[in-house]
Amino acid sequence: MADASKRSMTLTDDATGKSWKLPVFDGTVGPSVIDIRKLYSDTGYFTHDPGFTSTSSCESKITFIDGDKGILLHRGYPIDELANKSDFLEVAYLLQYGELPNATQKEDWVKHITYHTMVHEQLSSFFSGFRRDAHPMAIMCGVVGALSAFYHDSTDIHDEEQREIACHRLIAKMPTLAAMAYKYSLGQPFVYPQNSLSFAENFLYMTFSVPAEPYKINPVLAKAMDKIFILHADHEQNASTSTVRLASSSGANPFACIAAGITSLWGPAHGGANEAVLKMLMEIGSKDKIPEIVKRAKDKSDTFRLMGFGHRVYKNYDPRAKVMQETCREVLAELGIKNDPLLETAMELERIALQDDYFVQKKLYPNVDFYSGIILRAMGFPMSMFTVLFALARTAGWVAHWQEQFRDGEQKIGRPRQLYTGSVQRPFLPVGQRK
Ligand code: CMC
């Protein structure tokens, strides 16, 4: 931490009356932290915080969230401004280097990323080891991890230049691999990237074009795709980013770390929620079934949750959900989809839930995943690809955090402790003497 602590808090053990001063550090905005790094050596106690609800795991300058006000800033810039005025590669640069690029820097950056979009030809044969009906996230966990076997010249984490190249490769190759996972599921040939296209255009081209026909990119859909990527680019120390940081803390190579992030993102409580939302909306089917589903979501004896609702940090409307809702309207209008029953169900569900005491009191609002599935489905993506698109975009954030960790002189291997409640030491009995 940059400055020595100027204030402290006192911790008192009521049983013994002993007390200890704990340093307090302030960020630029947001809650201050109590520094407990020496707590165990000074007091013999651990802190206990499953799920890290009150624990800061690192110092970071990348993303700030004010969950009560519904604010999300990347390097100080509000997410809605970035989504409406910037583009994904520019945001990826911002996350990585801390500033928006000037014209020369941008040209250079786009060129670097563009010229890394192809994957080693032999990686293509990796895909055929998977069943055609494999979930594309299962394929992504495998092939992204496999990049470490193909790019040996960018796995030395102590070499700054190699780290930089690894970041370029990961951001650039994720769309190619994601499109390949989709093509493989259809039994269609892989489509090579086109360097004349923008990042989002290229992804749509590799995903939806076939060699037998010309493919015309729809600029409205390409813009929407780019916006969706921006909205998913980073979200500070979420489960997958923390997974990347934890994996990296052991010195693992960048491709292995990002593969770890992908596995963590896959779960329905995190990136898998966009797929789960659409399944839920389809199951609801019509507006008259909404009260029933809301009742189930409130029932403690039922494990069902309203997917796309609630967030660990946001206790207000997720600012990404607002932009996503606008984008949803733009895409549906462009595609001439009027009165989409799924959108109508989603909006009615949102209206009813936001008036319901349960959701109001628990401050459960729509999150980024609530509307994204409707847009992606309208654009032609199958549900199984939704989380893959999230992973593609979040790679920009993952690599930025991965790099930041190396610049943080105070980082150690991540090694949480535990409150042990199992057996105390006991004698081993030979099998014949056991009950
Ligand atoms: N539907 C019904 N009840 C809910 C929901 C929901 N979607 N979310 C939270 N609650 C209730 C929960 O039962 C608990 O009630 P109580 O205090 O009576 O036990 C209370 O609200 C607090 O929930 P929590 O599980 O302690 O909160 P959390 O911070 O651990 O979980 C969450 C956050 C996102 C996992 C959770 O809200 C959830 O499961 N939402 C649905 C899945 C979803 O949409 N996930 C995407 C998150 S945004 C994208 C991303 O970051 O990946």
| query | With respect to Tyr371, which candidate in Glu350, Arg320, Glu326 satisfies the side chain to side chain donor-acceptor pair (under 3.5 Å) definition? | reply | Glu350
| request: Decide whether a cation-pi geometry holds between Arg296 and Phe304; the criteria are a distance under 6.0 Å from NZ or CZ to the six-membered ring centre and an angle within 45° of the ring axis. | output: yes
| request: Could you tell me how the ring of His311 sits relative to the ring of His235: parallel (under 30°), tilted (30 to 60°) or perpendicular (over 60°)? | output: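 Ring orientation of His311 relative to His235: perpendicular.
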| said: Can you tell me how the ring of Trp109 sits relative to the ring of Tyr93, calling it parallel under 30°, perpendicular over 60° and tilted otherwise? | reply: perpendicular
So that I can tick it off, tell me whether [Y] and [X] are bridged by a salt bridge, with the cut-off set at under 4.0 angstrom between side-chain N and carboxylate O.
X      : Y      : result
Lys106 : Asp87  : yes
Lys223 : Glu330 : no
Arg7   : Asp26  : yes
Lys279 : Glu283 : no
Lys61  : Glu404 : no

| task | First locate atom CD1 of Ile375, then atom CE of Met324, and finally report the distance between them rounded to the nearest 0.5 Å. | result | 5.5 Å
Do any N or O atoms from the side chain of [X] and from the backbone of [Y] form a donor-acceptor pair under 3.5 angstrom?
X      : Y      : value
Tyr151 : Arg169 : no
His270 : Ser240 : yes
Arg417 : Tyr40  : no
Lys69  : Ile65  : no

Can you confirm whether [X] sits close enough to [Y] that some side-chain heavy atom of one is under 4.5 Å from a side-chain heavy atom of the other?
X      : Y      : result
His232 : Thr395 : no
Cys328 : Leu343 : yes
Lys362 : Phe309 : no

| task | Heavy atoms only: give me the nearest Trp398-Ala391 pair and the separation to one decimal. | result |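 The pair with the smallest heavy-atom distance is CZ3-O, 3.8 Å.
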| field | Phe255-Phe150 aromatic ring centre distance below 6.0 Å | value |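 Ring centres of Phe150 and Phe255 not closer than 6.0 Å.
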| message | We want to know whether Gln325 and Tyr317 form a side-chain donor-acceptor pair, criterion being a heavy-atom distance below 3.5 angstrom. | response | no
